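Accompanying notes for the structure given below.
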Amino acid sequence: MKYLCLVYANEKQLHSLPESPEDAECHAYSEQKNPHAEFLAGEALESVETATTVRPRDNDVTITDGPFAETKEQLVGFYMIEARDLNHAIDYAKGIPAARVGSIEVRPVRSLDI
């Protein structure tokens, strides 16, 4: 089953704390063999300040620049993995380097009914 591990952290602290991971460490984690899950894809995201939110409603479209909502932690990246079950996905997520300074939301990917 596929799982998306969403990485949340305070952007202002993400790279400034002593326990903050370097990009090379995050890349190395995705490249290593893991007994719990197979890495499929992942990316780091630009700052939430560069985000654009698009909301089509009826015949109108609202476009908002920057963060939609002020939150303590922002979505800063993701890891897409294949794991046998949620417990294996959680075991993988525990090792994601950015978890040391933020949190990882693990969500199953839903197959589309098409």
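Remember, it's a predicted structure, so these values are computed and weren't measured experimentally.
- Looking only at distances, no side-chain donor or acceptor of Y79 sits under 3.5 Å from a matching main-chain atom of A93.
- Contact detail for V106 and A89: the closest heavy-atom pair is CG1-CB, 3.8 Å.
- The stretch residues 20-30 participates, sequence neighbours left out, in these salt bridge (Lys or Arg N to Asp or Glu O under 4.0 Å) pairs: E25-R100.
- In this structure, the side chains of L45 and V76 stay at 4.5 Å or more apart for every pair of heavy atoms.
- Listed by chain and number, the residues in a side-chain hydrogen bond (donor to acceptor under 3.5 Å, both in side chains) with R84 are H88 (sequence neighbours excluded).
- Between V109 and M1, the shortest heavy-atom contact is O-CE, 4.2 Å.
- By the side-chain hydrogen bond (donor to acceptor under 3.5 Å, both in side chains) test, E11 is found to be paired with S47, residues two or more places apart in sequence or in another chain being considered.
- Atom CZ in R55 sits 11.0 Å away from atom CD1 in I63 (nearest 0.5 Å).
- The distance from atom CZ of F39 to atom CE of M80, rounded to the nearest 0.5 Å, is 10.0 Å.
- Contacts of S20 classified as side-chain hydrogen bond (donor to acceptor under 3.5 Å, both in side chains), with partners at least two apart in sequence or in another chain: none.
- D60 and R57 are not joined by a salt bridge, as no carboxylate oxygen comes within less than 4.0 angstrom of a charged side-chain nitrogen.
- Surrounding CD of E46 are at most 12 heavy atoms belonging to other residues, nucleotides or ligands under 6.0 Å away.
- Taken to the nearest 0.5 Å, the NE2 atom of H36 stands 10.5 Å off from the CG atom of D85.
- Annotation: the span from Y8 atom OH to L75 atom CG amounts to 5.0 Å, rounded to 0.5 Å.
- Considering all non-hydrogen atoms of both residues, F78 and L4 come closest at CD1-CD1, 3.6 Å.
- For the pair Q13/V101, no side-chain contact is recorded, criterion being any heavy-atom separation below 4.5 Å from C-beta on.
- Atoms CD1 and NZ, from I81 and K2 in turn, are 12.0 Å apart once rounded to the nearest 0.5 Å.
- At least one side-chain heavy atom of V7 sits less than 4.5 Å from a side-chain heavy atom of I104.
- Taking the side-chain hydrogen bond (donor to acceptor under 3.5 Å, both in side chains) definition, one finds that E73 meets it with S103, sequence neighbours left out.
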Discussion item. I96 vs K94, test: side chain to side chain contact (heavy atoms under 4.5 Å, CB included). Steps then yes/no.
Written reply: CA-CA 6 Å; I96 294 173; K94 288 190 280 190; over 6 Å; no
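- Residues satisfying the ring-ring contact (aromatic ring centres under 6.0 Å, His included) criterion with Y29, sequence neighbours excluded, are Y92.
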